[in-house]
Every structure is written in C-alpha cells, then in structure tokens.
Amino acid sequence: MTVRTRFAPSPTGYLHIGGARTALFNLLFARRHKGKFVLRVEDTDVARSTQESIQAILDGMEWLGLNWDEGPFFQSKRFDEYRKRAGELLEKGLLYRCYCTPDELESRREAAMKAGRPPMYDGRCRERTDQPGLPFALRFRVPPGATSFKDEIKGVISFENSTIEDLVVLRSDGTPTYNFCVVVDDAEMCMTHVIRGDDHINNTPKQILLYRALGYEAPVFAHLPMILGSDKTRLSKRHGATSVMAYKEMGYLPHALVNYLARLGWSHGDQEIFSIEELIEKFSLESVGKSSGVFNPEKLLWLNQHYIKSSSPEELTPLMLPFWKELGVDASGDPRLPAIIKTLQERARTLKELAEGSLFYFRETVDYDPKAREKFLTPESAELFEELLKRLSALPSFTEKELEAAFNSLLEERGLKLGKLAQPVRVALTGGTVSPGIFETLSAMGRDIAIKRLADAAALAKRSADHQGK
RNA sequence: GGUCCUAUCGUCUAGAGGCCUAGGACGUGGCCCUCUCAAGGCUAAAACCGGGGUUCGAAUCCCCGUAGGACCGCCA
C-alpha cells in the first residue's frame, strides 16, 4: 500500500511555525516512503474561514518549498458527502438527534465546571424518542468500553470511552463538524498515516470510534510534540513572529527555516545541517522526540547565516532586490551586485542585515560617523590618500590582488603597518570603522567611486587640519 | 475538576542496561588568527526533576510523587 499523508490546515489565519513543521514532517514522511502528500483545507467553519487565509497558507507553503502532490481539497465543497454519511449513521442508530440549544449547553458546561464536574455533554437526548419540530444537532452515540491505539511517536495510548462525550457530528444548521469531516476525508482520501500536533491526541479516540462506525479501518497515527515559546507556553505572537511569511520578510532563507524546523523535535545523531534530499532520506517517525520543544530564534539565526554564507552571490542577488528596495535603494541592474554581496555574506545573519550593511556602496555621498572622521581623517592620512590615489589610478585593474600589492608597496616605503592605512581608507570609503576587508570593499565598490571617495576624504582631512591649525 | 501527554546543559538534542569521566549544536566566557567587523580554529563553564524498586550494573526498565503542557465547543 502506498503511503499517503496530508496537511490539513484550517484557513483562519496565516501559516504559522507549528503548522509549517507539521506540513514538513508529513511531506518528508511521504517522500521518504515514495508516497503522496496531500493538502486539504479544513474550512467547515464557514464563519471563520477566509479566502485571504487560504492564500496566505498556500503562499507560505510555496515559499518553504512544501509542494503537495494532490489538492488542495476543500471540505466546504464536500458537505453533501458528509451529510450523506451522517444520514447513514443515523439510519443505523449510531447517531441521535439532540435538541439542546447551544445556549443551554453553554450554561450547563459552566455550571458543571463550577461544581467541579467534567464539562461534558450529559447525554440527555440519547434515549429521546419524540421528535418535536425543533432544530436539532446529530450526535454520535459513543459506545461503552475502551479505545486505544498505538501512536508511532508516543506509544500505546488508551482511553475509557466513558470519558469521551457524545460529540456533535452535524450541527443544527446542517453543517458537519471537524471530527466527522476529518474521518470521512482521511478514510475516503485513503490516508495511511495521520501526522499532526499532539493537541489532537484527545480527539483521536473519538475519530477511531467514528472510523469503526463508518466501517473504515483507522490509519496509523503519529502525534508531534508542540512547539513552545521561550516561557514554555504554547508558541504565540507574544514570543515574536509566528507567521512563516514574516520570516521571509525578515530576510530568512526558506531552507534555513526548513532545516531549523526539521531539527526541532527530530534528530539524526549529531547532525545539524541537512539538505532537503538528506532530510527525505533520513527522516523517520522513530527519531521524532516525544517532548515539546522551545522555539529558539538564535539557532535559527545561526542556520540562516550558515545558508547565506554557503549560497553563491548569484543565487542571493535576486533575493536581495526587495530588501534593497525596502531601504530605498534601486539596485537592480547594478553590475557590482554579486561582488558586493560576496563581501558581506559571512557578515550577515539575514538578508535584511546584508542589505543594511551594503548601504554605503550605494550612497551618493559618504555619511561620515563624526568620531571616525575625527580620529582617522587626519592630515597624515590626507597625504597618504593622495599618494594612494596616484597608485590606484595607475592600476591595470581593480582586483583585490593588485590592490593589496599597491597598498603593500606604499606601506613598505613608509614603514607602516596595514592598520595605519586600512582604517582611514575604510572611513573614507564607508564613513565608519566597520566594513568587510578593505581590499574586497575597494574592489567591489569599483574604481571610479572608490577614487572619488578617497579624494573627497583627502580634501576633507586637509580642511580639518586647517581648522585645527588655527 | 476530568482525561491524556511529557521530563538529559539556559535552548535544540545524542543516548535503545555496562561503550557515560553523559557526546554534539545554538547561545555565553577565554585564547588564537587579524586591516575593523565577521567568519574560522582551539578552549571553558553548563544537564540525567525527586523518591522508591528491578538488576552484578540504570540517564536508559517499572512504580509513586513533583513539575510542565494539551484537550475537555453545534472551533479546527
């Protein structure tokens, strides 16, 4: 039997970190077993589902490269099917009409909570035989006994059926509910493995009972531990960004997020870095941990830096454009881009940082840091700049190698250390005291701009000498 | 309150009864490299929740505590 897994989000918000990991694990498992990964949108709650959410989820999955093989299927388009199946169960007496109104149930629930009793439906309509002409919901008659299953991650889990309430299967408005739709769909779509968050463990026995009532065999279940925030409560907006697309906007590479998410809850010995192919090859439910994990932004940042570092400048160039644009730089078409990126790759943890760090390359005029200017743009450096300028203009090409040679010969003549020249040049070029290596910066910037900045800085340094002279 | 799940450095984790003086990674401190900043290399501090068993031997198996979490909707 070929493996079939699914990701079944409800479109009531964006694709969040937890959902993305669930989708990832489903995809990895399916690919690992040469099976199919299906996307199904659980939009049975018509009031809360939105088109924007559907799009947001699709966008998130696409960005992460979580490509599904079938779907998206929409539960809202299958209402007739669910109603039909519910009708069959009603015929067989496995469902019963419940005339309690939502308001009544709500107040009974509250009363039960107050009295310290389980807030469970009390089954009062179970044996009711009259049929008043009132709205009713269809409830599932939970049979006596116990229900247990072997979870691929957590092991055997058992429940007393007496602790499971008679759940509503069809609302009084005729729409089906989650637990029922999931079962009908997973069965009819031939899912072999249901991999989902462990917040669904308590739903599982209900669903197994429903599979039986419907005459289906239940799939294999695997419940993934939750992802927690830094305070060990369920990850939420309080802990920072939880939307997958927010990470795109902050300058993360999709592969970095995927790698991070894969290692949150799953491991393969001591390995930290995985290509997608390796993930597929090595993934197994057996190596998924049982306990919940805290989302660690620092480690994600490290991975992102790793992938930025190991990407080629050419790959990064198109990804960088939106970040430059955001900072008011129209970089498109600038032939220096790959060279510029190369100088900053191992200095940036995000694409956004990379864009910010590259700003000095694009500015019309250098924006000097006052302290740096005062310290390094001195009369001595003005003189050095002038000498350097002559040599740089004479260089056959503006490569790092030649630049280094030019610097060295000047330094040797003057008996100076590189630091004496590099820092002033850095300030002249960038306005500050921090930048990539001086030769790479020079080369990436391009001769014309570099020479202009050096000349400007020389003039500025002289002027400041005049002021000081008076 | 009930049901269910979980428990190794601050965090992610390795660990399938002796290979454990508990390993790796992120982060943190130190050193090295060095034109600044990074990157890189080396290095340090840092954990088996507690108590009982089982066993010649337990981080690993069992039980009981304790602590955290999830769920208990005509939401999904």
Side-chain angles (χ1 to χ4, degrees), chain A residues 8-12 42-45 47-49 75 98 100-102 105-106 109 112-121 135-139 151 153-155 157-160 162-165 167-173 175-179 181-182 197-205 223 225-226 228 230 232-234 260 263-273 286-287 289-303 305 309 344-349 357 372 407 411 417-427 430 432-439 441:
Chain A
S10 67
T12 52
E42 313 239 311
D43 53 353
T44 51
D45 186 347
R48 295 205 306 153
S49 301
Q75 292 190 322
C98 172
C100 302
T101 67
L105 293 167
E106 179 59 32
R109 220 184 338 267
M113 288 273 233
K114 232 178 222 167
R117 281 177 291 119
M120 224 170 84
Y121 177 65
F136 60 85
L138 253 29
R139 279 186 192 272
D151 189 279
I153 293 169
K154 311 257 185 186
I157 302 177
S158 313
F159 296 83
E160 284 299 326
S162 59
T163 65
I164 304 169
E165 74 171 348
L167 60 149
V168 169
V169 154
L170 218 57
R171 300 183 184 99
S172 46
D173 65 1
T175 60
T177 61
Y178 165 76
N179 278 116
C181 298
V182 183
D198 70 10
D199 48 340
H200 284 289
I201 286 181
N202 288 296
N203 282 326
T204 308
H223 288 97
M226 297 273 91
L228 274 22
S230 48
K232 305 220 174 196
T233 62
R234 202 180 171 145
Y260 178 73
R263 275 290 285 104
L264 217 198
W266 172 83
S267 63
H268 183 77
D270 286 340
Q271 190 172 347
E272 296 287 349
I273 306 293
E286 254 186 5
S287 327
K290 295 179 181 190
S291 54
S292 45
V294 174
F295 184 83
N296 183 350
E298 294 292 325
K299 189 157 182 180
L300 207 210
L301 227 29
W302 171 75
L303 273 165
Q305 179 171 40
K309 222 161 49 184
L344 289 156
Q345 266 177 281
E346 61 189 27
R347 295 171 165 81
R349 297 185 299 175
F407 268 62
L411 257 16
K417 292 256 193 199
L418 177 57
K420 286 287 175 203
L421 184 54
Q423 278 304 81
V425 170
R426 197 183 312 279
V427 175
T430 72
T433 54
V434 175
S435 88
I438 202 65
F439 307 122
T441 303

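Per chain, numbering begins at 1; letters A, B, ... match sequence-line order. Every heavy atom of this structure was used, including side-chain atoms; hydrogens, water molecules and symmetry mates were not.
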Under the rule for ring-ring contact (aromatic ring centres under 6.0 Å, His included), what residues qualify as partners of A:Phe407, not counting sequence neighbours?
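With sequence neighbours excluded, A:Phe407 shows a ring-ring contact (aromatic ring centres under 6.0 Å, His included) to A:Phe439, given in chain and number order.
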ring-ring contact (aromatic ring centres under 6.0 Å, His included) involving A:His200 - partner list, sequence neighbours excluded:
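ring-ring contact (aromatic ring centres under 6.0 Å, His included) check on A:His200 returns A:Tyr178.
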Counting only Watson-Crick pairs (N1-N3 plus N6-O4 or O6-N4) and G-U wobbles (N1-O2, O6-N3), all under 3.5 Å, who is the partner of [N]?
N: B:U34; result: none
N: B:G29; result: B:U43
N: B:C61; result: B:G53
N: B:A22; result: none
N: B:C74; result: none
N: B:G17; result: none

side-chain contact (heavy atoms from CB on, under 4.5 Å) with [X]: which residues, sequence neighbours excluded?
X: A:Phe136; value: A:Arg97, A:Tyr99, A:Leu138
X: A:Leu301; value: A:Tyr252, A:Arg349, A:Thr350
X: A:Ala137; value: A:Val168

When you check the side-chain N and O atoms of A:Asn179 and A:Thr177, is any donor under 3.5 Å from an acceptor?
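A:Asn179 vs A:Thr177: no donor-acceptor pair found between side chains.
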Is there a donor-acceptor contact under 3.5 Å linking the side chains of A:Arg426 and A:Ser435?
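Result is yes, a qualifying pair exists.
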Roughly how many Å apart are B:U55 and B:C31, using the C1' atom of each and rounding to a whole number?
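One C1' to the other, the span is 47 Å.
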Below 4.0 Å: OP1/OP2 of B:C5 and any side-chain N or O of A:Ser291
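It does not, given that no N or O in the side chain of A:Ser291 lies less than 4.0 Å from OP1 or OP2 of B:C5.
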Answer yes or no: does a side-chain N or O of A:Lys309 lie under 4.0 Å from OP1 or OP2 of B:A38?
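No.
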Using the side-chain heavy atoms of [X], tell me which of these nucleotides is nearest: [options].
X: A:Leu264; options: B:C35, B:U3, B:C12; result: B:C12
X: A:Tyr178; options: B:C35, B:C5, B:A76; result: B:A76
X: A:Lys154; options: B:U6, B:A76, B:A14; result: B:U6

Qualifying residues under salt bridge (Lys or Arg N to Asp or Glu O under 4.0 Å), relative to A:Glu106, sequence neighbours excluded
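A:Glu106 satisfies salt bridge (Lys or Arg N to Asp or Glu O under 4.0 Å) with A:Arg109 only.
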Go through the structure and list residues passing salt bridge (Lys or Arg N to Asp or Glu O under 4.0 Å) with A:Glu165, not counting sequence neighbours.
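Here no residue qualifies.
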Identify whether any heavy atom of A:Gly293 sits under 4.0 Å from a base atom; if not, whether one sits that close to sugar-phosphate; answer base, sugar-phosphate or nothing.
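The answer is sugar-phosphate, as A:Gly293 gets under 4.0 Å only of primed atoms, P, OP1 or OP2.
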Contact class for A:Pro205 (heavy atom, under 4.0 Å): base, sugar-phosphate, or nothing?
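Nothing, no heavy atom under 4.0 Å.
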Would you mind building the protein contact string for nucleotides 69-74 of chain B? One character per nucleotide, 5' to 3', B for base within reach (heavy atoms under 4.0 Å), S for sugar-phosphate only, - for untouched.
SBBBSB
Going 5' to 3' through nucleotides 17-34 of chain B and flagging B where a protein heavy-atom sits under 4.0 Å of the base, S where only the sugar-phosphate is that close, and - otherwise, we get ------BBBBS-------
Give the rounded distance in Å between these two atoms: CD of A:Glu346 and C1' of B:G40.
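Interatomic distance, CD of A:Glu346 to C1' of B:G40: 8 Å.
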